[in-house]
Number of protein chains: 2
Amino acid sequence: MSEVKILLTEKEIPEKWYNVMADMPNLPKPPLHPGTKQPIGPDDLSAIFPMELIKQEVSQERWIEIPDEVREIYRLWRPSPMYRARRLEKALDTPAKIYFKYEGISPAGSHKLNTAVPQAYYNKQEGIMRLSTETGAGQWGIALSQACNFLGMECRVFMVRVSYDQKPYRRTMMELFGGSVLPSPSTDTEYGRKALAADPNTPGSLGIAISEAVEIAAQREDTNYALGSVLNHVIMHQTIIGLEAKEQMAKAGDYPDVVIGCCGGGSNFSGIAFPFVHDKLTNNAKVRLLAVEPSACPTLTRGKFAYDYGDTAGLTPLLHMYTLGAEFMPPGIHSGGLRYHGDSPLLCQLVHDGIIEASAIDQTSVFEAAKLFARSEGIVPAPESSHAIQSAIAEALAAREAGESRTILFSLSGHGLLDMPSYEAYLNGKLNDYPLPEDILANSLQNLPDVK
Amino acid sequence: MSEVKILLTEKEIPEKWYNVMADMPNLPKPPLHPGTKQPIGPDDLSAIFPMELIKQEVSQERWIEIPDEVREIYRLWRPSPMYRARRLEKALDTPAKIYFKYEGISPAGSHKLNTAVPQAYYNKQEGIMRLSTETGAGQWGIALSQACNFLGMECRVFMVRVSYDQKPYRRTMMELFGGSVLPSPSTDTEYGRKALAADPNTPGSLGIAISEAVEIAAQREDTNYALGSVLNHVIMHQTIIGLEAKEQMAKAGDYPDVVIGCCGGGSNFSGIAFPFVHDKLTNNAKVRLLAVEPSACPTLTRGKFAYDYGDTAGLTPLLHMYTLGAEFMPPGIHSGGLRYHGDSPLLCQLVHDGIIEASAIDQTSVFEAAKLFARSEGIVPAPESSHAIQSAIAEALAAREAGESRTILFSLSGHGLLDMPSYEAYLNGKLNDYPLPEDILANSLQNLPDVK
């Protein structure tokens, strides 16, 4: 029987990232300055980003070289394995073939480290030895703490206070790797002190944490800011997932009919899907690309295609994307990484142009799928990643229904070993599907910023 | 540069386990019946073990075939990767080469699944569809729950109450894989009810949990018992670690000067070391074999070589081993998996005969090593496994001191992602070295059972 695991050697780690902008029929509208509402230029960004990342942000080169030093660190866990999920196929009694690309083997436990390492690297190249960032559930904070540690840099993480208190395992992970973690709002920034003055017991929010991290980066010469999703350069770094996956599919003598990934800010989905978008746009490949989001935060499926802020405070540039409105507060689902009101402008444009599909699914069906997957394949998936599992299972059952084979590839973006409280809630029947607060959504969509 | 990860294909999964009994100069003395103190026979064990495992327990065949069905399940994670720890070598500025074999990639997160799967399999072959066992910190309970799940069997786990309450992540893992977990003492067994009657608020103990699990298995026709370490067949199943490691060292064009593993009941250490014992005994290989235990529970280094019970209640057969006395209660170190008063009789005999070395080290030095390892290699190690890391680092520093190269191989038996509270205590300076309670040890050693 053929192998369960399809492995590449370290020599096969891709030497270039793929930049989808080279192939897109329509580029996204440019980001706008939050004050002037005019397109921003490199100078607007250079206070908080290194020039090399700003160049990547606007580059239309198809292939961008991965620096040797970055590939050297990638070797600690890359190439990541691809699995043929034979036991899951059997459990589903489906003629479909199910493959998954597993990013949970990274030191960070998720795909986030793929971009944390080059971001830290390019900053260090330009003499910046200190990064600041925000983190919600902690996945991104762990990844950036690790990347800074590997490169001998400092990392300051503003962690939303409610997560800081409720997710001590994640906080300890960051600290183990040398990250300095502050509950946000903190007393270290003007914005934090203001928030604390307004409400000393505030649970914090990602919006506040972003504002704090950006404030530090903007004020301190020695500190830059790093973001874990949404931006073009972040998305591009993640294409290493899909580039490897294509090599692995070729080794398995196969090619996917459908590629599936969960979608929050878009970096995981785009990472696995964009190299196949390349095949579709340049080679007319017959591959479907499916982004899956939670029905509680249905950015791509229910959002408006418009300019909006990236944060709740309205301090970031305006991005043109599908958005639920920057003030939309999604219900407290267990997939913290997917609770974002916007999405990568690149991904949104491709959805808008009909090149990528999107769907939204309910939380309990996600955990049901996660359990079946864990029991079949032995891997405990992150709740976020389990959105892709649920959809892969749906595709496999549709194939059974249709009595036809189908090759399914999905990205398993992270493990769920630190998500046991969510599984406990699920196993004890304490997990709900949250109805989308339609009135709040409607309000939020009406309050999008005015851009002429 | 050569690869960081030395990988084998699934075709290279060993087809046989190695049985060290075939090569030992002196076999251990036989287990004795706890009542008659006469050697036990197969009939004494058949109430709780399947005949095939009883045969393996006494077999002196050098190679025992691994059933295809077991190898098929092994393929979910085996062969496990070996790493060259180049970043650690660099951090230590040592001429030594450090390799480690990583068992933390298993679905259970540790080496325990290597024996849980064949144990479940042989039971199923003989019509037993239900296993009972005990677990302390939860590693073994997770492994057996998963193995039973993969084979469609039931699993009943008696989890020491204090762990049941304090380690809910581990409990949830078992339940996610279908294990039914009871806090021990429970009301399900006579022994448990008696313990609860004596003290309704008892935190429980591994001794009580073993007694409960064995009671169920002895009384119910449909249920057998499974043990995660110590016994000969368990040790043998774990030799797959060392057999793969030898293939991987050969691929790297290397051979170890020293092989290191942490040691609680002995299954991890023996797993990596015994295939090299084979080289030493049959081929005069110049390889040192080093078992590392906590100084708080120094079985091999401070124990008595004598007959003793496996449990605190004195219900199990008497095994001839190094023991601290069945009533010895080690201090509450964070390496729960190494807090056992005895050790595998096979391993003990080899230590006694000077073929294997042992050493004992302090908890804080173990966590110090764990942090350096995590920051160098990106993997968070289990506190238990970090005993091997500490010793590997000591070997590497000795090599630097001596100005000579040295090839070091250690087993990284599990990840520490569910041990974050221990890391938090360490990072916050709240971790102590526990002085060994000398008076308690002396007492305990005086009270060993009388065997003529």
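Values below: every heavy atom of this structure, side chains too, minus hydrogens, waters and symmetry copies. By convention in this document, chain letters (A, B, ...) are assigned in the order of the sequence lines, proteins followed by strands, and residues within each chain are numbered from 1.
Top candidate by heavy-atom pairs under 4.5 Å with chain A, chosen from B/Leu7, B/Thr9, B/Ile105, is B/Thr9. Considering only heavy-atom pairs separated by less than 4.5 Å from chain B, the leading option among A/Gly178, A/Gly104, A/Ala370, A/Pro168 is A/Gly178.
Proximity of a side-chain donor or acceptor of B/Ser386 to a complementary backbone N or O of B/Ile389 within less than 3.5 Å is not detected. The closest donor-acceptor contact from the side chain of A/Ser385 to the backbone of A/Pro381 lies at 3.5 Å or more, if one exists at all. Under a 3.5 Å cut-off, the side chain of A/Glu103 and the backbone N or O of A/Gly414 do not form any donor-acceptor pair. Put simply, the side chain of B/Glu89 gets close to the backbone of B/Ile98: a donor and an acceptor are under 3.5 Å apart. A/Glu10 contributes a side-chain N or O that, together with a main-chain N or O of B/Lys5, makes up a donor-acceptor pair within less than 3.5 Å.
Interface with chain A: from residues 146-153 of chain B, residues B/Gln146, B/Asn149, B/Phe150 qualify, criterion being any non-hydrogen pair under 4.5 Å. Residues of residues 415-426 of chain B lying within less than 4.5 angstrom of chain A, judged on heavy atoms, are B/His415, B/Leu417, B/Leu418, B/Met420, B/Pro421, B/Tyr423, B/Glu424 in numerical order.
Between B/Tyr169 and A/Tyr169, the angle of the ring planes stays under 30°, which puts this pair in the parallel group of the 30/60° scheme.
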Before giving the answer on ring pair (Phe, Tyr, Trp, His ring centres under 6.0 Å), spell out for B/Phe410 and B/Tyr99 the whole-Å C-alpha distance, their side-chain angles and the decisive distance to 0.1 Å.
CA-CA 6 Å; B/Phe410 71 90; B/Tyr99 295 89; over 10 Å; no
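Both the backbone and the side chain of A/Leu76 come within less than 4.5 Å of a heavy atom of chain B. With a 4.5 angstrom heavy-atom cutoff, A/Leu113 does not touch chain B via any of its atoms. Neither the backbone nor the side chain of A/Arg170 comes within less than 4.5 Å of any heavy atom of chain B. With a 4.5 Å cut-off on non-hydrogen atoms, B/Arg78 touches chain A through its backbone but not through its side chain. The parts of A/Leu176 that come within reach of chain B are both its backbone and its side chain, each placing non-hydrogen atoms under 4.5 angstrom from that chain.
Among residue pairs with one or both ends in residues 135-150 of chain B, none qualify as salt bridge (charged side-chain N to carboxylate O under 4.0 Å, His left out); sequence neighbours excluded. Applying the side chain to side chain donor-acceptor pair (under 3.5 Å) test to every pair with at least one member in residues 373-383 of chain A, sequence neighbours left out, gives no pairs at all.
Within the 4.5 Å cutoff, the side chain of A/Ser106 has no heavy atoms near those of the A/His111 side chain.
Distance check, rounded to the nearest 0.5 Å: CD of B/Gln363 to OG of B/Ser365 gives 9.0 Å. If you take CD1 on B/Ile142 and CE on B/Met173, they are separated by 4.5 Å, rounding to the nearest 0.5 Å.
If you look at A/Phe373 and A/Phe100, their ring centroids are closer than 6.0 Å.
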